[in-house]
Amino acid sequence: MEKIFNFRAIEKKWCEYWVKNKTFYAKVDDNKKPFVILIPPANVTGSLHMGHALNVVLQDILIRFKKLQGYNTLWVPGIDHGGIATQNVVEKLIKKEGETKNSLGRTNFLKKTWQWKNEVSNKILDQLKVIGCALDWDRIVFTMDKKYSRSVKKAFIWLFNKGLIYRKKRLVNWCYKCGTVLSDMEIEYESERSSLWYIKYPLKDSTNNEYVTVATTRPETIFGDVAVAVNPTDERYINLINKIVNLPLTKRELKVISDYIVDKSFGSGVIKVTPAHDIIDNEIANRNNLETIETIDINAKIINASEEYNGLNIEVARKKIVLKLKEKGFLIKTEDYVHSVGKCYRCSSKIEFLMSEQWFLKVKEISKKAIDVVSEGKIVFHPKSWGKSYNLWLKNIKDWCISRQIWWGHRIPVYYCIDNNGHRTNCIPIVSYNKPKSCIYCKNKNFVQDKDVLDTWFSSALWPIGVFNWGDNKNNFDLEYFYPTSVLVTGYEIIYLWVVRMIQFGLEFTGKIPYADIFIHGIVRDKFGKKMSKSLGNVVDPIKIIEKYGTDSLRFALAQSAVPGRDIQISDEAFLISRNFINKIWNASRFIIMNITDIDIVKNCIHSLDFIDEWIILELENTVSKVKYAYESYSINIVTREIYDFFWSKYCNWYIEFSKIRMMVNSVETKKRILSILIYIFKYILQLMYPITPFITSEILQILNQKIKIVSKNNFCLIKNKNIKKNDIVNKMLNIQDIIVKIRAFRNEMNISSKIQIEAIFNVLDDNNILEIIKENKKYIKYFTNINLIKFGKNITKPKNSVSIVTKTYEIFLVLGDFINIEKEKKDF
RNA sequence: GGGUAGUUAGCUCAGUUGGCAGAGCAUUUCUUUUACAAGGAAAAGGUCGUAGGUUCAAAUCCUACACUGCCCACCA
């Protein structure tokens, strides 16, 4: 065996083995309990990053752990079409070829996108295989598969028929760059430096040039003003309420109204009401029955203004309008002002609020049950604290805009009746799976489908039932058996966007929760604590880490940092540490395997255990119970810590070292016994570790099983001595360790390093405790020095006479007299 | 503004039911010995964010504050 674990060849071998043997494929089996996880489907926007790696590794760990426990485990792989994000990527791609979305046309553009999808999804699936994901590869689901699409249509029709989906012209969030409306959840706010302009709105018919001062950040929307509002308790303006002011530049008349939402202390305390382009203004207008004037269109151009501004871009118009206001004496002052501006979560360009006719889903109606299942504990967040914000969020939820003006996605299943000239008739649109044959109102046979597609999160929300083909009414055995699933593993950044909606939809469509547990993990950050992003160039490619350190190292490092709910900072160092640990395991296995010969193994239970065996078994039992609990409670970081600690600082540092001496000084029969226990414990650790580092553990277990088939649960066991108390074992061990530490300290202090001086240590030691032990074990000490004389005899002749030969092994031996049996005679050495 | 998480060694973080402050990395010193130098042995490094309180005993429980991050919101 090589000194260093050759992960490249071995990991590749196991990856292929698992896929070829369909190790993790699952079928309905009523005799077994299912344990089901659905992968959060990755968008087809590019390859997987470290965050994905963390996400899938955690799921893989859970699946493998549960499979070991005998569950019928299923982990479903999947890919998301990704809506706007993917469309943007493809648009960039075709831009390089000198094409645009419009020059290609809808059909050709979608063809291109499908091509891209195929390429990228294959890449993603390959990456998942390399990471070792125990997925059922026969069940790959894509959110735009025919079957899945049928579920999406079914959901839309279901909700529409219940009156929960409606179409209305409302104030919406509009992204010019993406050319589509966005839901409130898809907007990210960023603070931005801007100005606050103070503008005079002259009082109508005022004899002495009276005016009110309006403070605004949006002077370009001035033509959309329909009123001016003050707080009804603001004494400065109380007399002005219900008076009329003239809009600067056009002199249009505006009423001064009052509304409690106006903050007296902000700006001038007077706001202009522009309901078509501002959320608050829209609410004020609704409360006061004001009209709505749109002054910005979906192309970011000014409309409904005077000639000189119509058609101008917002930014240009703003400058021009401010200049004009200044020129005409309407501008009082300009202040620097920092405020937050909504940005598109996909392209980061500014969001405009404007009026548009869109499809909406009444979410409030399907939220009540969703709130209940969490507060009743039917669904549990890990960590718990997310349950609270989940509740708060759902209670304040607003209608969800589900239509998007893009091409890539699920086309809205609504058909409009058109006349012979291609114009839409007044007939009520028909909602159906396929194009209707004839209009039920006018018998017309021509239809046009709604051009828009659904929000990608609408189809994502169906994931837990969509993957089991909910849309198909005939064949739902999978859905019955595997749904509800067991646990959802995801990052906190998509709780509202995705998790909440799956719960809402799951409850609405099946009456059942989609999963019982939600395991929330953090975001992977770089070593400076910054979020990884392509623009910052700090993205770490998991595949590169795998090539450098191996998959097991990657997995162990990620698992080690996975404190539920907390972000993790990860650097090369973390992978290096894991790599070292993996190598340590490899070398421990080398030690064991090197010692195995054909006759080495005991074939039945061992009754007479040495103290040190009792100790390691005790420690193992301790570790096993902690590790099992940690696995169950999603504290994967604790799993790794406990195993690391037990394996390295207990099994390797003490137990193996003890075993060396014991095997050295005892008869062949005893040696067999010792080796058997050594292997037994080792196999146990390998099993505990298997979910986290499946490659090296599978490899070593395989080698061990080829060499020996005896040490297994069926025909081998360790019978503990019931008379020995746990505390006695622990104290005894502590005592030994303490003495060894003292000897070391003494040796260091005296700078004793040659073998001959060893006896001198004992002669000058003044620690009574140690002296006691040493007196008792005098014969072993002799024995020990003899060993050294023989074993290291060659060293004496070396010119380097400061070589320390007092290794840990022999230190341990010094104090072992009480605890092991020495059967061999000195001369055997 | 509301919510939420965090603050422990130079760095990254553990620390369960309150009971002698821990690990790894980095630093310093020693160490090629037969599983492993990707190893082993040791040293140094701490007012556990601040201030109160409860307790025989607080990193841990309570209160307030400070700072940091994140989420939400109606910052004209």
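Using a 3.5 Å distance cut-off with no hydrogens or angles, the side chains of A/Ser340 and A/Glu190 do not pair a donor with an acceptor. Side-chain atoms of A/Lys264 and A/Thr233 include a donor-acceptor pair closer than 3.5 Å. The closest side-chain donor-acceptor pair between A/Ser649 and A/Asp645 falls under 3.5 angstrom. Side-chain contact, A/Tyr201 with A/Asp225: a donor N or O sits under 3.5 Å from an acceptor N or O. Donor-acceptor pairing under 3.5 Å is recorded for the side chains of A/Asn173 and A/Asp184.
With sequence neighbours left out, the ring pair (Phe, Tyr, Trp, His ring centres under 6.0 Å) criterion links A/Tyr496 to A/Trp393.
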Tabulate atom names and distances for all N/O pairs under 3.5 angstrom spanning the protein and nucleotides 1-9 of chain B.
residue, atom, partner, partner atom, Å
B/U4, OP1, A/Lys388, NZ, 2.2

Heteroatom pairs (N/O) under 3.5 angstrom, protein to nucleotides 74-76 of chain B:
residue, atom, partner, partner atom, Å
B/C74, OP1, A/Lys398, NZ, 3.2
B/C75, O2', A/Tyr337, OH, 2.5
B/C75, N4, A/Ser340, OG, 2.3
B/A76, O3', A/Thr217, N, 2.8
B/A76, O3', A/Thr217, OG1, 2.6
B/A76, N6, A/Asp263, N, 3.1
B/A76, N6, A/Asp263, O, 2.4
B/A76, N1, A/Asp263, N, 3.1

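Each of A/Ile568 and A/Ala588 was matched to the nucleotide of RNA chain B holding its nearest heavy atom; the match closer to the 5' end belongs to A/Ile568. Toward the 5′ end of RNA chain B lies the nearest nucleotide of A/Ile592, the other residue of the pair A/Tyr496 and A/Ile592 mapping further downstream.
Among the protein residues, A/Trp648 comes within range of the sugar-phosphate backbone only, with heavy atoms under 4.0 Å from sugar or phosphate atoms but none that close to a base.
With a 3.5 Å limit on both pairing distances and Watson-Crick or G-U wobble geometry required, the stems of 3 or more pairs in RNA chain B span B:1-7 with B:66-72, B:10-13 with B:22-25, B:27-31 with B:39-43, B:49-53 with B:61-65.
B/C25 and B/A37 have their P atoms separated by 15 Å, with the value rounded to a whole Å. Across the C1' atoms, B/A26 and B/A66 are found 30 Å apart, a figure rounded to whole Å. Distance check on atom P: B/U4 versus B/A23 gives 35 Å, rounded to whole Å.
The A/Lys626 side chain lies nearest to B/U16 when the options are B/U16, B/A38, B/G69. When distances run from any side-chain atom of A/Met185 to the nucleotides B/C72, B/A38, B/A35, the shortest one goes to B/C72.
Between A/Arg193 and A/Asp336 there is no salt bridge, since no side-chain nitrogen of the basic residue lies less than 4.0 Å from a carboxylate oxygen of the acidic one.
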Name the atoms and distances for all side-chain donor-acceptor pairs under 3.5 Å in residues 586-593 of chain A, with sequence neighbours left out.
residue, atom, partner, partner atom, Å
A/Trp586, NE1, A/Glu2, O, 2.8
A/Asn587, OD1, A/Arg590, NH1, 2.7
A/Asn587, ND2, A/Lys3, O, 3.4
A/Asn587, ND2, A/Asn583, O, 3.1
A/Ser589, OG, A/Trp586, O, 2.6

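Checking the phosphate oxygens (OP1, OP2) of B/G40, a side-chain nitrogen or oxygen of A/Asn653 falls inside 4.0 Å.
Two rings, from A/Tyr337 and A/Phe266, have their centers less than 6.0 Å apart. Aromatic pair A/Phe381/A/Tyr390: ring centres closer than 6.0 Å.
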Letter per nucleotide, 5' to 3', of nucleotides 24-29 of chain B [B base touched, S only sugar-phosphate touched, - untouched; heavy atoms, 4.0 Å]: SS----
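Within 6.0 Å of the NZ atom in A/Lys628, the count of heavy atoms belonging to other residues, nucleotides or ligands does not exceed 12.
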